[in-house]
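Every chain is numbered from 1, with letters handed out A, B, ... down the list of sequences. These values consider heavy atoms only, across backbone and side chains, with no hydrogens, waters or symmetry-generated copies.
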Protein chains: 2
Amino acid sequence: MPKAIKKEEVATLEIPLDSKDLEILKLLQENARITIKEISGKIHLSTTPVHERIKRMEESGVIKQYATLVNHEKVKKGLMVICYVSLKQHSKNAGVKFIKTIHELNEVVECFSISGEFDFMLKVICKDMNEYYDFHVNKLSQIENMGHLQSIFVMGVIKQTHQLVY
Amino acid sequence: MPKAIKKEEVATLEIPLDSKDLEILKLLQENARITIKEISGKIHLSTTPVHERIKRMEESGVIKQYATLVNHEKVKKGLMVICYVSLKQHSKNAGVKFIKTIHELNEVVECFSISGEFDFMLKVICKDMNEYYDFHVNKLSQIENMGHLQSIFVMGVIKQTHQLVY
DNA sequence: AATGAAACTAGTAGCCT
DNA sequence: AGGCTACTAGTTTCATT
């Protein structure tokens, strides 16, 4: 007798993405505001299946977010800094506290836990060097349990994309 | 007599963003597919000015892109690596050639020119360690003029946002 | 699981204040 | 420059194959 599938398992059962799903994702990645009509024209399907596939990908979490990306300079956020952080203590509690603080800092747009001599890599975005200095001295350095800190300044953006499906 | 403004200057003249524009941007950053109706309800304005303000921000380049962000794991792109690169030669031509190659590599989603001992920082996204090994050995290392290479592996994503306006 | 049409909802433009 | 209204276009559902 086959093993029974629990209700929770059914809900999270992964439906693999077929080539049409990937085509839809490709178009959506580039332009989140593309119309279903336009997609259906391009991938040779009527609006109904396109709509259903998008809804399915939204519900299953394949589509994480429809985001609007703004021009850094035009909103006065022209400075980007990569910041490496090591903590003094590595207890679970110390880590949790650090992560909580990072989430509260709007200047930190990315934070990864990494391999190597440092514990975390941060991407910090702010207006200019004065603002970064203030952030570094008064916010980052003040975090409890903060160990070493190293800043790498981004001088130019060569490439920046969100195209994971290609 | 006041100095005449050239046509080109008029076209690129920056209209500063007021608080309503910023409120619209805040909502759009979170959800690029929010309706104009919903925005107008939230910021206490009718659809006409909301529509006009969005159009103006699109045309002036404040709004760069409406992007759809996908779940890395669910599209089989679960490994993220930060890669530091230095070139052997630093002539203008060598740099241009490197940049051209980087744009052709789908695995590279970000590339910044940076301060410090390395020349560039890359964010590389691929399926798993096998795929990264292949990318490193057969694509990255093969780039003409490639000097030193250092990989930092992302073990966990703590924070990732695109919220520049808050 | 896709099509085509119908019903509904949102986007867009003109006119008025 | 914002609001109201009418028109156009897109979304979403349903019957059908």
- Query: If only side-chain N and O atoms of B:R53 are considered, is one of them under 4.0 Å from the OP1 or OP2 phosphate oxygen of D:dA1?
  - Reply: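 No, outside the criterion.
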- Could you tell me whether B:T35 contacts a base, only the sugar-phosphate backbone, or nothing, with contacts defined as non-hydrogen atoms closer than 4.0 Å?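 Answer is sugar-phosphate: B:T35 comes under 4.0 Å of backbone atoms only.
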Atom-to-atom span, [atom1] of [X] to [atom2] of [N] - whole angstrom:
| X | N | atom1 | atom2 | answer |
| --- | --- | --- | --- | --- |
| B:I39 | D:dG2 | CD1 | P | 14 Å |
| A:E52 | D:dA15 | CD | P | 14 Å |
| A:R33 | C:dA10 | CZ | P | 13 Å |
| A:L45 | C:dG4 | CG | C1' | 13 Å |
| B:I24 | C:dG11 | CD1 | P | 13 Å |
| A:H44 | C:dG4 | NE2 | P | 14 Å |

- Message: Restricting to ring pair (Phe, Tyr, Trp, His ring centres under 6.0 Å), what partner residues turn up for A:Y66, sequence neighbours left out?
- Response: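 For A:Y66, no residue satisfies ring pair (Phe, Tyr, Trp, His ring centres under 6.0 Å) once neighbours in sequence are set aside.
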- Output all residues satisfying ring pair (Phe, Tyr, Trp, His ring centres under 6.0 Å) with A:H51, sequence neighbours left out; order by chain, then residue number.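 A:H51 satisfies ring pair (Phe, Tyr, Trp, His ring centres under 6.0 Å) with no residue once adjacent residues are dropped.
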- Query: Can you tell me if A:S151 and A:Y84 form a side-chain donor-acceptor pair at under 3.5 Å?
  - Reply: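 Note: A:S151 and A:Y84 side chains miss the donor-acceptor criterion.
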- Using heavy atoms to find the nearest nucleotide of DNA chain C for B:E38 and A:R56 separately, return the residue whose nucleotide is more 5′.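 The answer here is A:R56.
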- Message: For B:D18, I'd like to know if atom CG has over 12 heavy atoms of other residues, nucleotides or ligands within 6.0 Å.
- Response: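 Yes, CG of B:D18 has more than 12 neighbouring heavy atoms, counting only those of other groups under 6.0 Å.
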- Should we say atom NZ of B:K64 is surrounded by more than 12 heavy atoms from elsewhere, each under 6.0 Å from it?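 Yes - once you tally the heavy atoms of other residues, nucleotides and ligands closer than 6.0 Å, there are more than 12.
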- Item | Test item: B:I143 and B:F98 side chains (from C-beta on) under 4.5 Å apart, heavy atoms |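 The answer is yes; the side chains approach within 4.5 Å.
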Every protein N/O within reach of nucleotides 12-15 of chain C N/O, cut-off under 3.5 Å:
residue	atom	partner	partner atom	Å
C:dT12	OP2	B:H51	NE2	2.9
C:dT12	O5'	B:H51	NE2	3.4
C:dA13	OP2	B:K55	NZ	3.4

- Nearest to the side chain of B:K37 - C:dT3, D:dG10, C:dG11?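 Nearest listed nucleotide: C:dG11.
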